[in-house]
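The following block contains the structure, expressed as structure tokens.
Naming: A, B, ... by sequence-line order, numbering from 1 per chain. What you see below is based on every heavy atom in this structure, not just the backbone, and it leaves out hydrogens, waters and symmetry mates.
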Amino acid sequence: MEYNFKAIEQKWQAEWIKRGTYRVKEDSSKPKYYVLDMFPYPSGAGLHVGHPLGYIASDIFSRFKRLQGYNVLHPMGYDSYGLPAEQYAIQTGQHPAVTTAKNIARYREQLDKIGFCYDWDREVRTCEPEYYKWTQWAFIQMFNHYYDKSLEKACPISDLVARFEEKGSEGLQAACSEELTFTAAQWKAFSQEEQQQTLMNYRLAYLGDTMVNWCPKLGTVLANDEVSEGLSIRGGYPVEQKMMRQWCLRVSAYAQRLLDGLDKIDWTESLKETQRNWIGRSEGCEVQFKVKDSDMEFTIFTTRADTMFGVTFMVLAPESELVASLTTPEQKAEVDAYLDAVKKRTERERISDRRVTGVFSGSYAINPLSGEAVPVWISDYVLAGYGTGAIMAVPAHDSRDYAFAKHFNLPIIPLIEGCDVSEESFDAKEGIMMNSGFLNGLTVKEAIAKAKEYVSEHHLGRVKVNFRLRDAIFSRQRYWGEPFPVYYKDGMPYMLDESQLPLELPEISDFKPTAQGEPPLGHAINWQTPEGYPLELNTMPGFAGSSAYYLRYMDPHNDKALVSKEANEYWRQVDLYIGGTEHATGHLIYSRFWNKFLFDLGCICEDEPFKKLVNQGMIQGRSNFVYRIKDTNTFVTLSKKDQYDVTPIHVDVNIVSNDILDVNAFRAWNPEYATAEFIFEDGSENYVCGWAVEKMSKSMFNVVNPDNVVEKFGADTLRLYEMFLGPLEASKPWDTNGIDGVHRFLRRVWNLCAHGESFTFSDEEATKAELKSLHKLIKKLTWDIEHFSFNTAVSAFMICLNELGRCNKRAILKPFVTLLAPFAPHISEEIWQALGQEGSVCGAQWPLCDESYLVEDSVVYSISFNGKTRFSLEFPADADNETIQATVLAHESTQKWMDGKPARKIIIVPKKIVNIVL
RNA sequence: GCCCGAAUGGUGGAAUGGUAGACACGAAGGACUUAAAAUCCUUUGGCCAUAGCGGCUGUACGGGUUCGAGUCCCGUUUCGGGUACCA
């Protein structure tokens with residue numbers, strides 16, 4: 001009876017569906033555990049072998065927890081709104097809903113073949129109305145709330161209105177776009193429109209004029225995390241800065257809580273650090289500078305208040321509103337020319353070309369500490385969006401200011417004793433202050449504190465904490481996304497009533513912007529409320545649907561709430577989240593924000609969504625090359641390629657096995673190579689290919705599809721092999737060179753049980769040695785799985801099998817297949833059944849380790865001299881240190897090595913080592 | 001530039017400060033077989049020795065702590081990831 005993995009896997013996959021093996025219900029009699037994968041965007045290319053890496057790991061973990069008696073929630077779904085489907089629609093005219101459904105079906109088929117234990121009854125798709133109803137609902141809630149900094153939580157906007165009616169803006173501590181001051185009387189005198197505009201300044205979802213990343217090629221704005229180095233992540237098109245009126249989420253209101261929350265969760269330090277940098281808290285102060293010969297003043301932000309005596313000029317961002325008011329008539333022409341030049345440069349040019357540019361505004365500012373007047377410049381090295389869009393420049397102690405000062409010949413005043421600023425600035429925050437009035441003689445740290453104190457006491461400014469984290473731009477000028485539950489009346493936005501949700505995405509046939517430049521929804525017929533008010537034409541971005549999907553899995557069919565209180569209080573939060581690091585500053589920030597907001601509303605009971613997070617590494621492609629001798633159709637094997645003038649050519653990795661080319665398949669691969677000749681390795685008919693690690697992509701012919709692997713070796717082999725490849729978190733190339741090893745392992749397991757045409761098992765009792773191997777395995781596996789060390793776990797099975805030899809005793813095999821079940825569920829089920837066990841191995845009990853089997857009878861000690869091993873001696877396991885010492889010292893080899901000298905020290909450590917120091 | 005992370009045989013990779021190279025691939029040799037596949041056995045870091053025992057050396061490089069360092073500390077190099085005028 002052969003190991004017919006194909007038949008076995010089909011049989012059990014069908015059986016699991018029939019039995020509903022993986023269906024899960026809330027069950028208060030069992031402890032719960034929630035294991036989640038980052039749900040995929042179903043792309044047209046299907047899954048490649050890199051995608052299932054994390055899914056396999058989480059599947060093993062889920063099955064393990066289940067065997068340990070936990071009630072495990074392990075769902076899967078699709079992030080099914082997004083740009084690629086829409087780009088494809090523009091190119092081909094195929095409706096995104098159609099291609100998305102097709103892609104999902106393909107993904108499902110591929111996932112099913114791998115034998116995952118998902119509860120598919122809980123599947124969610126972000127593009128379905130029953131799902132995005134709750135995305136829209138959350139948006140309405142954000143619109144109707146503001147963030148109260150004194151209470152450190154979101155509060156209803158009606159509270160804010162009541163407050164304004166009572167005492168205006170006095171004493172208000174709320175997250176806002178700009179600080180406003182008005183009295184209750186003024187508030188009451190505001191027109192309806194003015195009141196609404198004022199409230200917009202505080203809402204957590206607000207319509208704001210902001211600098212956005214505009215991608216002309218995609219015809220939409222993008223969030224900061226959707227742009228990298230001036231190019232869009234999707235498609236790699238250039239992005240430019242543009243002022244637009246957009247829906248935004250006030251994520252920045254939660255900056256401090258997002259930062260503090262990191263200390264409470266079990267994520268890798270590096271990922272937390274990435275988030276900390278992205279949030280970018282910096283403590284400093286705002287200082288007001290008066291403009292010379294004018295009653296104007298402006299505010300700057302600095303973290304180095306100690307360097308105020310070294311300010312030799314000021315710089316404004318070109319986009320700053322101050323530019324217009326501070327530019328003098330004489331300088332106007334020059335400034336306008338500069339602003340024009342800056343505007344023309346794309347983000348990408350600004351990044352690649354770091355030339356120092358700038359222009360003098362004509363105005364001077366008065367240093368509030370020294371009273372001196374310094375020129376105000378305008379330069380694009382100052383960003384409008386951070387701090388106040390204006391800085392004080394201290395060229396001696398800031399490298400950017402230094403470069404600017406050198407370029408424009410501005411003075412540089414050193415402030416720290418002994419520093420040399422003739423070649424470069426001294427940026428370090430250390431040393432003793434000089435040239436700094438009342439700060440002289442203090443260390444930099446002391447000076448920072450003192451200067452801050454001085455500034456606040458003398459009302460020159462205030463202590464301020466700034467964050468780098470920006471509000472999220474939430475509008476996309478695209479079709480394939482959630483419609484906003486928003487309509488406009490007299491130009492003002494209003495939210496639909498909750499009873500009108502979901503607002504379904506209308507059908508359109510043209511996915512391009514309208515002739516008037518409106519988003520594609522402008523093509524929709526009757527896109528208005530029943531009362532005839534026009535609906536919002538933008539749609540929500542990709543991260544909208546993925547920000548709370550983990551909550552929906554808890555209660556996916558509830559049409560009364562995102563998640564019921566009971567379901568949420570049972571499942572609470574994701575215990576283990578597995579996914580890639582690429583979401584560190586996008587999804588993983590937005591989800592935390594969204595979760596904290598819902599927590600503030602009292603909808604959910606946990607403040608953080610993902611308790612533990614594990615990042616799986618990327619699987620890269622391993623490309624193969626053949627070497628064609630120039631101007632011929634002859635190909636030369638790897639070891640001889642240097643003897644010829646050759647061109648390396650990518651060859652499809654699917655016709656290469658262990659780097660050996662299937663030459664017939666190669667001839668058939670491409671008509672061009674039909675008549676190819678080969679120069680083989682010496683003494684064989686083998687053509688050996690070269691290889692390189694590259695990104696997995698179609699153009700490199702290195703994409704490996706999991707279906708092909710399943711077809712050839714079976715799902716159990718794929719699962720084991722992906723884990724065996726190396727540590728889960730490490731990036732590694734896909735390389736099938738070792739897959740025979742794990743496949744052989746499974747066949748050996750099979751062959752233990754299968755003899756001739758049936759299964760035979762021995763009923764004999766297990767020997768002590770067999771039990772020892774088994775319990776060693778139990779102990780190691782339990783530890784390895786809990787620590788996500790799946791590669792060593794797979795090795796542990798192989799070691800155990802080597803030790804067991806040909807043992808086919810039921811007493812050993814039953815626990816063995818239970819242990820194997822999380823890794824290779826299909827073969828485990830088959831053997832479980834053959835053993836005559838009831839039910840499914842998935843419902844069995846994880847075996848417990850009996851440590852007594854692991855106790856050794858005797859222990860071999862290595863005897864070392866000065867740390868170098870010289871010989872070995874065997875002792876009974878219970879021998880005490882004194883006996884060991886005495887025996888070792890009396891041994892003739894010891895006498896030889898000690899050569900009559902007394903030992904200085906004898907160290908016996910619990911690892912079978914005796915070390916003698918001479 | 002800044003912040004992380006890594007570096008171990010021909011390859012993927014093991015190793016709570018305690019016999020480095022587990023496990024697997026590949027390779028070499030052998031058994032079985034008409035043959036192939038499959039299976040099984042032996043060897044496999046390097047150098048030296050070899051009838052046999054064995055010896056030396058070795059975890060990117062240079063130092064240090066320690067009885068003992070792949071592991072901890074300091075410095076250097078290389079590679080990978082993140083981020084970038086954030087004042």
So with a 6.0 Å cut-off around CD of A/Glu321, is the heavy-atom count from everything else above 12?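 Not more than 12 within 6.0 Å, no.
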When Watson-Crick pairs (N1 to N3 and N6-O4 or O6-N4) and G-U wobble pairs (N1-O2 and O6-N3) count only below 3.5 Å on both distances, what is the dot-bracket string of RNA chain B, with | for other-strand pairs? (((((((..(((.....[....)))((((((.......))))))((((.....))))..(((((..]....))))))))))))....
All N/O pairs under 3.5 Å across the protein-nucleotides 38-42 of chain B interface:
| residue | atom | partner | partner atom | Å |
| --- | --- | --- | --- | --- |
| B/A38 | O3' | A/Arg747 | NH2 | 3.3 |
| B/U39 | OP1 | A/Arg747 | NH2 | 2.7 |

So, A/Asp784 and A/Lys779, do they make that salt bridge, N to O below 4.0 Å?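 Result for this pair is no, no salt bridge flagged.
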Within 6.0 Å of NZ in A/Lys464, more than 12 heavy atoms from elsewhere: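 Yes - once you tally the heavy atoms of other residues, nucleotides and ligands closer than 6.0 Å, there are more than 12.
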Under 4.0 Å between a side-chain nitrogen and a carboxylate oxygen: does that hold for A/Lys772 and A/Glu856?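 Salt bridge: yes.
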Is any side-chain N or O of A/Thr581 closer than 4.0 Å to OP1 or OP2 of B/G81?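 Indeed not, no polar side-chain atom of A/Thr581 lies that close.
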Determine the interatomic distance between P on B/U66 and the same-named atom on B/C73; round to the nearest Å.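 Nearest-Å result for B/U66 against B/C73 at atom P: 16 Å.
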What is the nucleic acid contact for A/Ile799, judged by heavy atoms within less than 4.0 Å: base, sugar-phosphate only, or nothing?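 Sugar-phosphate contact only - A/Ile799 comes under 4.0 Å of backbone atoms but never of a base.
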Nearest nucleotide by nearest heavy atom, which residue falls closer to the 5' end of RNA chain B, A/Ser789 or A/Met798?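 Its nucleotide being nearer the 5' end, the pick is A/Ser789.
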Do A/Lys732 and A/Glu722 meet the salt-bridge criterion of a basic N to acidic O distance under 4.0 Å?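 Looking at A/Glu722 and A/Lys732, the cut-off is not met.
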If every non-hydrogen atom of A/Ala384 is compared with every non-hydrogen atom of A/Ala317, which pair is closest and at what distance?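 Taking every non-hydrogen atom into account, N-CB, 3.5 Å.
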For the side chain of A/Thr303, starting at C-beta, report the closest nucleotide among B/G13, B/G68, B/A87.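 Of the candidates, B/A87 comes closest.
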B/A87, B/C3, B/G13: which one has an atom nearest the side-chain heavy atoms of A/Lys732?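 Comparing B/A87, B/C3, B/G13 against the side chain of A/Lys732, the answer is B/G13.
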Closest to the A/Trp278 side chain: B/U19, B/A87, B/A84?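 In terms of side-chain proximity for A/Trp278, the closest of B/U19, B/A87, B/A84 is B/A84.
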So does A/Met618 have more than 12 non-hydrogen atoms from other groups sitting under 6.0 Å from CE?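 Counting neighbours around CE of A/Met618, 12 or fewer heavy atoms of other residues, nucleotides or ligands fall under 6.0 Å, so no.
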Expressed in whole Å, how much space separates the C1' atoms belonging to B/A27 and B/U11?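 Per the computed distance, 11 Å lies between those C1' atoms.
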Closer than 4.0 angstrom, basic N to acidic O: yes or no for A/Glu430 and A/Lys445?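 A salt bridge is absent here (no side-chain N lies under 4.0 Å from a carboxylate O).
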Which residue lies toward the 5' end of RNA chain B, A/Arg870 or A/Ser270, if each is placed at its nearest nucleotide?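 Closer to the 5' end of RNA chain B: A/Ser270.
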Using the C1' atom on both, measure B/G21 against B/C74 and round to a whole Å.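 The answer is 28 Å between these two C1' atoms.
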Euclidean distance for P, B/U43 against B/A24 (whole angstrom):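 14 Å, rounded to whole Å.
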Categorize A/Phe467 for me: base, sugar-phosphate, or nothing, with a 4.0 angstrom heavy-atom threshold over every strand shown.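 Counting heavy atoms under 4.0 Å across all strands, no contact is made by A/Phe467.
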Atom C1', compared across B/A35 and B/A20: separation rounded to whole Å: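 It works out to 44 Å between them.
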A/Arg904, nearest nucleotide to its side chain (from B/A22, B/A87, B/C67):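 Within the option list, the nearest is B/C67.
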Do other residues, nucleotides or ligands put more than 12 heavy atoms under 6.0 Å from A/Glu424 CD?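 No, CD of A/Glu424 has 12 or fewer neighbouring heavy atoms, counting only those of other groups under 6.0 Å.
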Taking atom C1' in both B/A6 and B/A60, what distance in whole Å separates the two?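 Pairwise C1' distance, B/A6 against B/A60, rounds to 11 Å.
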Quick one: which of B/A87, B/U83, B/C3 gets closest to the side chain of A/Tyr386?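 In terms of side-chain proximity for A/Tyr386, the closest of B/A87, B/U83, B/C3 is B/A87.
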Same-atom distance (P) from B/A69 to B/G1, integer angstrom: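 After rounding to an integer number of Å, I get 34 Å for this pair.
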Are the side chain of A/His397 and the backbone of A/Phe426 linked by a donor-acceptor contact shorter than 3.5 Å?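 It does hold such a pair.
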Under 4.0 Å between a side-chain N/O of A/Asn802 and OP1 or OP2 of B/A24, yes or no?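 Result: yes.
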Among B/C67, B/A15, B/A87, the one nearest A/Val917 by side-chain distance: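 Shortest atom-to-atom distance from the side chain points to B/C67.
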Can you tell if the side chain of A/Met392 reaches within under 4.5 Å of the side chain of A/Met308, non-hydrogen atoms only?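 Of all side-chain heavy-atom pairs linking A/Met308 with A/Met392, at least one is under 4.5 Å.
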Please work out whether B/G9 sits syn or anti, treating a glycosidic angle within 90° of 0 as syn.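 It is syn.
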Integer angstrom distance from the P of B/U71 to that of B/U59: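 Result for the P pair: 9 Å, nearest Å.
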Taking only the side-chain nitrogens and oxygens of A/Tyr381, find out if one of them lies under 4.0 Å from OP1 or OP2 of B/A87.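 For B/A87, OP1/OP2 do not have a side-chain N/O of A/Tyr381 under 4.0 Å.
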